[in-house]
Amino acid sequence: MNEKEIRKYAGLMKELDLTGLEITNDETKVRLERGSELVSVLSSAGTAGDPAACDTGKMQKKEGADAAASAGKTITSPLVGIFYAAAEENGKPFVAVGDHVKKGQTLCIVEAMKLLNEVTAEEDGVIKQICASNGQLVEYGTALFVME
């Protein structure tokens with residue numbers, strides 16, 4: 001999918017006042033989400049924000065105990081809300097892939113009913129993957145991070 005097609009779909013979303021649209025073809029999956037001023041694009045190439053890449057069920061299908069252990073620990077959302085990677089809009093994210101984190105360190109914020117809830121690391125580790133994109137609606141149990 002090229003930029004021209006994405007812009008066409010973004011315009012259609014605005015025209016029809018849609019907040020989300022997902023388009024899938026043989027090799028690409030594109031999801032457009034729109035908040036009050038935000039349009040984000042997610043690709044299924046295993047990048048941040050791709051829920052399929054963070055599906056612990058798919059990770060657990062690897063064979064052997066070593067493969068399951070190497071899949072890492074999944075940090076999930078403790079509640080339904082909006083995922084924020086930074087404390088302020090356009091601010092520096094709390095964590096990035098490859099960052100070493102300490103137990104109790106803030107990983108992200110999930111906003112629910114105008115309350116900002118910090119999600120913290122339950123143990124020391126390294127961020128292996130970020131599974132949610134900034135401004136994304138997450139449900140209880142949605143994978144947010146994979147840590148080693």
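- Listed for the Asn117 side chain is a donor-acceptor partner under 3.5 Å among the backbone atoms of Leu115.
- The two residues Ile130 and Ala96 come nearest to each other via the heavy atoms CD1-CA, 4.0 Å.
- Under a hydrophobic-cluster definition in which Ile, Leu, Val, Met, Phe, Trp and Tyr are linked whenever side-chain heavy atoms come within less than 4.5 Å, directly or via other members, Leu16 and Ile23 are assigned to the same cluster.
- Counting only heavy atoms from C-beta outward, the side chains of Val126 and Met147 never approach each other to under 4.5 Å.
- Residues passing the side-chain contact (heavy atoms from CB on, under 4.5 Å) test with Glu22, sequence neighbours excluded: Thr24, Lys29, Arg31.
- The list of salt bridge (Lys or Arg N to Asp or Glu O under 4.0 Å) pairs with a residue in residues 116-127, not counting sequence neighbours, reads Lys73-Glu122.
- The CD1 atom of Ile82 sits 9.0 Å away from the CD atom of Gln136 when rounded to the nearest 0.5 Å.
- Annotation for Ala86 and Gly91: closest pair CB-O, 3.6 Å, computed over non-hydrogen atoms.
- The heavy-atom pair separating Gly81 from Val110 by the smallest distance is CA-CG1, 3.8 Å.
- Applying the salt bridge (Lys or Arg N to Asp or Glu O under 4.0 Å) definition to pairs two or more places apart or across chains, none involves residues 92-114.
- By the criterion of side-chain heavy atoms lying less than 4.5 angstrom apart, applied directly or through intervening Ile, Leu, Val, Met, Phe, Trp or Tyr residues, Phe94 is grouped together with Leu116 in one hydrophobic cluster.
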Side-chain atoms of residues 139-146: list all donor-acceptor pairs with protein atoms under 3.5 Å, sequence neighbours left out, distances to 0.1 Å.
unit_1 : atom_1 : unit_2 : atom_2 : d
Thr142 : OG1    : Glu139 : N      : 2.9
Thr142 : OG1    : Glu139 : O      : 2.9

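- Separating the NE2 atom in His100 from the CD atom in Gln105 is a distance of 11.5 Å, to the nearest 0.5 Å.
- Among Val101, Val95, Thr120, the single residue meeting the side chain to side chain contact (heavy atoms under 4.5 Å, CB included) criterion with Thr106 is Thr120.
- A continuous path of hydrophobic side-chain contacts links Tyr84 to Val80 [ILVMFWY only; heavy atoms under 4.5 Å].
- Side-chain heavy atoms closer than 4.5 Å link hydrophobic residues (I, L, V, M, F, W, Y) into clusters, and following such links, possibly through other members, connects Val97 to Val119.
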